[in-house]
2 protein chains.
Amino acid sequence: MLIHGQEPDQATDHNNDQKIDQKIDQRMEQFKHVCKKSKVKITDQRMEIFREVALNLEHPDAETVLKGVRKRLPTVSLDTVYRTLWMLSDLGLINTLGPSRGRTRFDANLSDHHHFVCNLCGLTRDFYAPELSNINLPGEVKDFGDLEKVQVEVRGICNFCREELRKDETTEGVNYPYGTS
Amino acid sequence: MLIHGQEPDQATDHNNDQKIDQKIDQRMEQFKHVCKKSKVKITDQRMEIFREVALNLEHPDAETVLKGVRKRLPTVSLDTVYRTLWMLSDLGLINTLGPSRGRTRFDANLSDHHHFVCNLCGLTRDFYAPELSNINLPGEVKDFGDLEKVQVEVRGICNFCREELRKDETTEGVNYPYGTS
DNA sequence: ACATCTATTTATAAAACTTTTAAATATCCC
DNA sequence: GGGATATTTAAAAGTTTTATAAATAGATGT
């Protein structure tokens, strides 16, 4: 799927650039801190990959991240990008969009409903809450396009995965090397 | 990713079965009606594929749908399942979970934010709405597992795709054969 | 009910996406 | 700075999804 990059309406001015630089520096520090705490080595590749996702507000896929990173590190491989992105996700430094992890999934429930999604296995269950139907959205949302429906997505850890985690901890605890967040 | 099928807590009783049968019959009728209206042929494969997604509350992937359908039609191909599922999606009879369509996408924005998602191209943009942070969830949601965060997903058609649609309509109008819904 | 026209399915194969393997390299801790 | 060890790389294999062309089946008019 091609994402047509919709550029910000106004050219970013100098002040704005400075703000973004500050923010990204802050996030790089956070990244390094989490890596150290988790005993994960800080390599150039990992830094640039994290920087790339953090800077790209379009929620890029691995290929897009690769392209961006190669401007600075021409030899990185797609493999490393994938490994690093999943590692960042395990560390809780980034998230994936939707329950992803591979296969496309389909939903025939057209009635007004919402989703619980497990962050670990992707289990997705419906729930109903009529009171959520008339949520008040900020006006700017309409600027993105025509709105069709509003769905609430509750993320967490499902009962099954929580149990698995507990088991792993009491035995060896090597399955989720970077913690779960 | 494996989804461990969490079975419903109680065995469905006879009354319940009857209700489900009624509902699925209703949906099959709706399916046929939409197909006729859109001049799409009603084949056994399409009926069984639609029935399968409509019956499966776990939001199955194509492979899972294939397995289910093959119990009744042993010769269907995975290709047909994919083609049919995307067609059903174009017809507005089913949806996909998340912005899917292929590649996994990553999000480094950890702050409290929400998403606008284009149903056609998958474009996903962040928006902020602090007032949505303290949404009141129905108690049953906690039964699914441990909740971590709540994100609102607004779906629609982005400005770019709306424009593309308009163009197609005024020229030939063959790109979205089944309409857009 | 039958023939015909055309969309759809199937099997095969290819494309697209993601992960593994084993050798080469770079990081971190002393 | 040197050495143990995690990480990267390139190549290849594994998955998931889509395209191709021949065979089949639905729908329309009779």
Side-chain angles (χ1 to χ4, degrees), chain A residues 1-3 31-50 52 59-67 69-70 72-91 96-106 122 174 177-178, chain B residues 1-3 31-50 52 59-67 69-70 72-91 96-106 122 174 177-178:
Chain A
M1 172 176 46
L2 280 174
I3 304 291
F31 161 76
K32 287 184 201 167
H33 177 251
V34 173
C35 284
K36 275 175 193 155
K37 209 185 63 184
S38 310
K39 308 219 185 293
V40 162
K41 288 185 180 166
I42 297 167
T43 65
D44 291 349
Q45 290 89 335
R46 283 174 175 169
M47 284 212 289
E48 291 314 319
I49 288 166
F50 177 73
E52 194 61 30
H59 315 287
D61 56 29
E63 191 79 36
T64 307
V65 173
L66 179 73
K67 271 200 203 110
V69 170
R70 279 202 167 154
R72 280 159 276 152
L73 296 176
T75 66
V76 277
S77 64
L78 183 57
D79 171 24
T80 297
V81 172
Y82 272 109
R83 234 179 323 102
T84 304
L85 288 172
W86 288 120
M87 186 209 71
L88 292 171
S89 165
D90 286 340
L91 283 169
T96 57
L97 249 42
S100 299
R101 288 233 187 220
R103 308 150 125 98
T104 307
R105 287 168 58 195
F106 299 86
V174 240
Y178 310 109
Chain B
M1 175 178 49
L2 280 173
I3 304 292
F31 161 75
K32 287 184 200 166
H33 178 250
V34 173
C35 284
K36 276 177 192 156
K37 209 186 63 181
S38 309
K39 307 218 186 294
V40 162
K41 287 185 182 169
I42 297 167
T43 65
D44 291 350
Q45 290 89 336
R46 282 174 177 171
M47 284 211 289
E48 291 313 318
I49 288 166
F50 178 72
E52 194 60 31
H59 315 287
D61 57 28
E63 193 78 35
T64 307
V65 173
L66 179 73
K67 272 200 202 108
V69 170
R70 279 202 167 154
R72 281 158 275 154
L73 296 176
T75 66
V76 277
S77 65
L78 182 58
D79 174 21
T80 296
V81 171
Y82 272 108
R83 236 179 321 101
T84 303
L85 289 172
W86 288 120
M87 186 208 71
L88 292 171
S89 165
D90 286 338
L91 283 168
T96 56
L97 248 44
S100 299
R101 287 236 186 219
R103 308 150 124 99
T104 308
R105 286 167 60 195
F106 300 86
V174 241
Y178 311 109

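All values reported here derive from a predicted model rather than from experimental measurement. All heavy atoms count here, side chains included; hydrogens, waters and symmetry mates do not.
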> Within the side chain of B:Arg105, is there an N or O that forms a donor-acceptor pair under 3.5 Å with the backbone of A:Leu97?
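Absent.
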> Any side-chain N or O of B:Thr80 less than 4.0 Å from the OP1 or OP2 oxygen of C:dT8?
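For C:dT8, neither OP1 nor OP2 has a side-chain N or O of B:Thr80 closer than 4.0 Å.
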> Once you round it to whole Å, what is the distance between C1' of C:dT10 and CG of B:Asp44?
15 Å
> Separation of B:Arg46 atom CZ from C:dT8 atom P, in whole Å?
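Going from CZ in B:Arg46 over to P in C:dT8 covers 4 Å.
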> Find out whether A:Thr84 and A:Phe50 are in side-chain contact, i.e. whether some heavy atom of one side chain is under 4.5 Å from a heavy atom of the other.
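Not in contact.
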> Could you give the NZ-to-P distance, from A:Lys39 to D:dT7, as a whole number of Å?
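The distance from NZ of A:Lys39 to P of D:dT7 comes to 13 Å, rounded to the nearest Å.
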> Can you tell me how far P of D:dT8 sits from CZ of A:Arg70, to the nearest Å?
14 Å
> What is the minimum heavy-atom distance between A:Glu52 and A:Val65, and which atoms define it?
CG-O, 3.8 Å
> In this structure, how many angstroms lie between the P atom of C:dA22 and the CG atom of A:Asp79, rounded?
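In whole Å, C:dA22 P lies 14 Å from A:Asp79 CG.
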> Can you tell me which residue among B:Val81, B:Val69, B:Val76 is in a side chain to side chain contact (heavy atoms under 4.5 Å, CB included) with B:Glu48?
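For B:Glu48, the side chain to side chain contact (heavy atoms under 4.5 Å, CB included) test succeeds with only one of B:Val81, B:Val69, B:Val76, which is B:Val69.
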> Between atom CG in A:Leu78 and atom P in D:dT7, what is the gap in whole Å?
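For the pair A:Leu78 CG and D:dT7 P, the rounded distance is 19 Å.
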> Do the side-chain N or O atoms of B:Gln45 get closer than 4.0 angstrom to the phosphate oxygens (OP1, OP2) of C:dT10?
yes
> Is the shortest side-chain N/O distance from B:Thr43 to OP1 or OP2 of C:dT9 below 4.0 Å?
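True: B:Thr43 side-chain N/O within range (under 4.0 Å) of C:dT9 OP1/OP2.
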> Below 4.0 angstrom from OP1 or OP2 of D:dT9, is there any side-chain N or O of A:Arg83?
no
> Whole-Å distance between C:dT27 C1' and A:Met87 CE?
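Distance, rounded to whole Å: 14 Å.
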> Measure from the side chain of A:Thr75, starting at C-beta and using heavy atoms only, and say which of C:dA16, D:dT9, D:dA27 lies closest.
D:dT9
> If I take atom CH2 in residue B:Trp86 and atom C1' in nucleotide D:dA19, what distance separates them, rounded to the nearest angstrom?
16 Å
